[in-house]
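Reading through the structure tokens given below for one structure.
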Amino acid sequence: MSRELSTGSTKAKKIRKNARLEARVTEEQKQLMERAACLRGQNLTEFMVAVLAEAATQIIKDHEFLELTERDRATFAEALLNPPIPSEQANTDAQWYKQIMNKSFKN
């Protein structure tokens with residue numbers, strides 16, 4: 001009994017892969033990667049794409065995500081809920097900034 005794939009949203013769509021990556025590696029590195037790919041049940045290309053995507057995702061996450069300790073969170077929340085009174089220098093700097101911004105918008 002044969003089954004036909006249904007059309008529409010349930011049908012798997014083929015993603016066109018037309019971008020290319022190339023890398024020169026040592027023979028030892030290639031053998032290492034081939035062994036790891038085999039252990040994952042992937043060919044070398046599948047393995048390289050998967051590992052690079054995982055690494056890239058993790059690096060971006062690490063760069064964009066800030067993890068605070070419990071003490072840091074408490075300090076941050078306290079500063080938001082009860083901000084300190086601005087110093088005289090902060091007030092002076094704020095006035096200078098407003099003047100600079102007003103001049104740049106008028107030009």
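Please read all numbers here as calculations on a predicted model, not as lab measurements.
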message = Measuring from atom CD of Glu67 to atom CG of Asp62, what distance do you get when rounded to the nearest 0.5 angstrom?
response = 9.5 Å

message = With no hydrogens and no angle check, just 3.5 Å: does a side-chain donor-acceptor pair link Asn91 and Gln95?
response = no

ask   = Do Glu22 and Arg20 sit within salt-bridge range, that is, some charged N less than 4.0 Å from a carboxylate O?
value = yes

inquiry  = For residues Trp96 and Met101: do they belong to one hydrophobic cluster (side chain heavy atoms under 4.5 Å, members Ile, Leu, Val, Met, Phe, Trp, Tyr)?
reply    = yes

ask   = Between Asp72 and Thr75, is any side-chain donor less than 3.5 angstrom from a side-chain acceptor?
value = no

request  = Given side chain to side chain contact (heavy atoms under 4.5 Å, CB included), test Leu44 with Lys30 step by step and report yes or no.
outcome  = CA-CA 9 Å; Leu44 187 54; Lys30 184 177 180 192; 4.1 Å; yes

task = Using modelled atom types only, decide if a donor and an acceptor are shared between the side chain of Gln29 and the backbone of Thr26 within a distance under 3.5 Å.
result = yes

remark   = dist Met33:CE -> Gln31:CD (nearest 0.5 Å) comes out at 10.5 Å

task = Supply the atom-to-atom distance Phe47 CZ to Leu39 CG, rounded to the nearest 0.5 angstrom.
result = 9.0 Å

task = Show your working on side chain to side chain contact (heavy atoms under 4.5 Å, CB included) between Leu32 and Glu28 and close with a plain yes or no.
result = CA-CA 6 Å; Leu32 179 70; Glu28 292 80 16; over 6 Å; no

request  = Look at the side-chain heavy atoms of Ile, Leu, Val, Met, Phe, Trp and Tyr, link any pair under 4.5 Å apart, and say whether Leu52 and Val25 land in one connected group.
outcome  = no

note = In short, Thr45 meets Asn43 closest at the heavy-atom pair N-OD1, 3.0 Å

task = Show your reasoning for whether side chain to side chain contact (heavy atoms under 4.5 Å, CB included) applies to Leu66 and Leu68.
result = CA-CA 6 Å; Leu66 177 64; Leu68 301 175; 4.0 Å; yes

request  = Any pair with a residue in residues 73-87 that passes salt bridge (charged side-chain N to carboxylate O under 4.0 Å, His left out), sequence neighbours left out, goes on the list, sorted by first then second residue, please.
outcome  = Glu70-Arg73

request  = If a pair satisfies salt bridge (charged side-chain N to carboxylate O under 4.0 Å, His left out) and one of its residues is in residues 36-55, list it, with sequence neighbours excluded.
outcome  = Arg40-Glu54

